[in-house]
Amino acid sequence: MPAERKSVQRIGVLTGGGDCPGLNAVIRVVAKAAILHLNLEVIGIEDGFLGLIRNRMRPLSTGDVSNILTAGGTILGTSNKSNPSHFAVGKDAEGRPVFEDVTPRVIEHIRDRHIDALVCIGGDGTMCGAAGLMQHGIPCIGVPKTIDNDLMHTDITFGFSTAVQTATECLDRIHSTASSHHRVMVVELMGRNAGWLALHAGLASGADVILIPEIPYNIEVVCETCAERSRHGKRFTLIAVSEGARPKGGEQVVNKIVHDSPDPVRLGGVSTVLAEQIAARTHLETRATILGHVQRGGTPVAFDRVLATAFGHKAIQLVATQEWNQMVVRQEGRIGMVPIESVAGAQRIVEVDDPLIAMAHAVGTCMGD
Ligand code: F6P
């Protein structure tokens with residue numbers, strides 16, 4: 001869509017998808033820079049696209065975004081079930097969700113509120129939602145977030161570094177109890193279909209085994225690694241496993257299906273399956289821990305605060321120059337932008353020739369293959 005050059009007076013800002021540390025840092029810089037430097041009004045949209053669907057939004061002042069830089073979560077709330085073009089409006093007779101395209105309702109609310117453009121902070125699902133609105137002439141700017149670090153065309157998303165730090169601290173704690181009790185400890189990390197989080201936290205904590213979705217594991221190899229360590233007097237093994245990891249020729253473990261979500265599969269439980277298999281085959285005492293949503297919470301680390309602020313600042317520069325329908329990215333250390341459409345619905349996974357895999361092998365870490 002060619003950029004329409006009309007004056008922008010009011011922008012909306014929303015946070016969509018799963019939350020992560022750093023969202024408030026983006027909201028803060030977007031609102032402050034828009035109000036103080038561009039003289040714009042800023043409307044905070046509640047709960048991602050749900051706020052546009054239900055017409056729930058409120059003006060944001062600089063006071064509203066003061067003192068939120070270090071706070072985890074998002075002051076606006078979020079939702080990962082509210083893509084306007086595929087929104088669950090009710091249930092059929094069998095209890096299955098009925099989806100509708102509610103974009104016209106969203107457009108009406110945007111027009112009624114005199115919102116000229118949107119800053120959409122989110123992951124691939126949020127970029128899909130933004131791409132849909134762009135097709136109806138709503139100018140959007142995307143800001144990439146996710147602890148999974150799996151957005152295309154950006155080397156890093158904010159939230160990821162904090163999640164790596166949190167997961168590493170958890171792995172360190174489990175390391176010490178593993179050592180005391182001479183156990184195999186299987187620790188499950190989030191990440192969906194990308195192994196970035198398990199790979200980084202696994203490397204940082206010196207995990208003995210790291211299992212990621214991109215490298216299907218051989219259970220014999222995993223068990224032999226535990227047994228071999230035990231034979232050589234290493235009386236414990238620390239395993240970091242991505243929730244999306246799967247055995248060679250096998251399937252991922254699904255925790256639940258969220259029927260009214262556009263992306264309904266929630267992974268989870270592979271650590272429990274692995275722990276049972278390892279215990280049965282090696283007779284080593286084994287425990288599983290699922291880190292879960294603890295990885296998404298808490299105050300952002302300094303790196304994420306700065307990255308989120310850099311992304312939000314770039315977003316507001318794009319608003320100023322009316323370079324619409326772009327998502328802010330970081331590529332080779334520089335902040336840039338790519339068309340939102342090139343990101344929507346795609347995932348950036350770990351390549352098997354990623355230097356991190358070679359590093360893991362170099363320190364003797366088993367990658368399950
Ligand atoms: O995308 C972020 C993420 O935390 C994934 O790592 C995880 O699979 C998923 O969201 C969990 O979603 P929910 O919050 O709906 O359980």
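The distance between the ring centers of F236 and H182 does not fall below 6.0 angstrom.
Closest approach of V143 to V26, counting heavy atoms only: CG1-CG1, 4.0 Å. The shortest non-hydrogen separation linking S242 to A194 is OG-O, 4.3 Å. The two residues E323 and M337 come nearest to each other via the heavy atoms OE1-CE, 3.1 Å. Nearest heavy atoms, E214 versus V350: OE2-N, 2.9 Å. Contact between H109 and L52 at its shortest, heavy atoms only, is ND1-O, 2.7 Å. Pairing each heavy atom of A131 with each of E341, the nearest pair is CB-CG, 4.3 Å.
Within a 6.0 Å radius of CZ in R235, no more than 12 heavy atoms belonging to other residues, nucleotides or ligands are found.
Judged as a salt bridge (charged side-chain N to carboxylate O under 4.0 Å, His left out), not a single pair has a partner in residues 195-204 (not counting sequence neighbours). Residue pairs meeting the ring-ring contact (aromatic ring centres under 6.0 Å, His included) criterion with at least one member in residues 265-314: none, sequence neighbours excluded.
A distance-only check finds no donor-acceptor pair linking the side chain of E251 to the backbone of R246 [under 3.5 Å]. Between the side chain of T78 and the backbone N or O of G48 there is no donor-acceptor pair closer than 3.5 Å. The backbone N or O of G132 lies less than 3.5 Å from a partner atom in the side chain of H136, making a donor-acceptor pair. The backbone N or O of F160 sits nowhere less than 3.5 Å from a side-chain atom of N149 that would complete a donor-acceptor pair. At least one donor-acceptor pair closer than 3.5 Å links the side chain of N325 to the backbone N or O of C140. Proximity of a side-chain donor or acceptor of R348 to a complementary backbone N or O of T154 within less than 3.5 Å is detected. Here the side chain of T365 pairs no donor or acceptor atom with the backbone of H361 at under 3.5 angstrom. Put simply, the side chain of K145 gets close to the backbone of G18: a donor and an acceptor are under 3.5 Å apart. Judged purely by atom type and a 3.5 angstrom limit, H175 has no side-chain atom pairing as donor or acceptor with the backbone of L171. Judged by distance alone, the side chain of E46 and the main-chain N or O of G51 form no donor-acceptor pair under 3.5 Å.
Taken to the nearest 0.5 Å, the CG atom of L356 stands 9.0 Å off from the CE atom of M367. We find the NZ-CZ distance between K314 and R334 to be 10.0 Å, quoted to the nearest 0.5 Å.
The residues R281 and E220 are annotated as salt-bridged, a charged nitrogen and a carboxylate oxygen being separated by less than 4.0 angstrom. Under 4.0 Å is where a charged nitrogen must lie from a carboxylate oxygen, and between R58 and D64 no such pair does. The existence of a salt bridge linking D260 and K81 is confirmed by a sub-4.0 Å separation between a basic side-chain nitrogen and an acidic carboxylate oxygen. Classification of E94 and R96 as a salt-bridged pair holds, one side-chain N sitting under 4.0 Å from a carboxylate O.
Under the 4.5 Å side-chain criterion, counting only non-hydrogen atoms from C-beta, V221 is in contact with C366. Counting heavy atoms from C-beta on, the side chains of I121 and L14 never come closer than 4.5 Å.
Side chains of N55 and R105: no donor on one and acceptor on the other come within 3.5 Å. For D304 and T162, the side-chain atoms include at least one donor-acceptor pair closer than 3.5 Å. For the residue pair R305 / T299, a side-chain donor-acceptor distance below 3.5 Å is found, with atom types taken as modelled. A donor-acceptor contact closer than 3.5 angstrom is absent between the side chains of D148 and Q347. Residues D101 and T103 bring a donor and an acceptor atom of their side chains to less than 3.5 Å of each other.
In this structure, Y217 shares a hydrophobic cluster with V184, V186, V209, L211, I219, V222, I239, V241, V253, V270, V273, L274, I278, L284, the cluster being traced through Ile, Leu, Val, Met, Phe, Trp and Tyr side chains under 4.5 angstrom apart.
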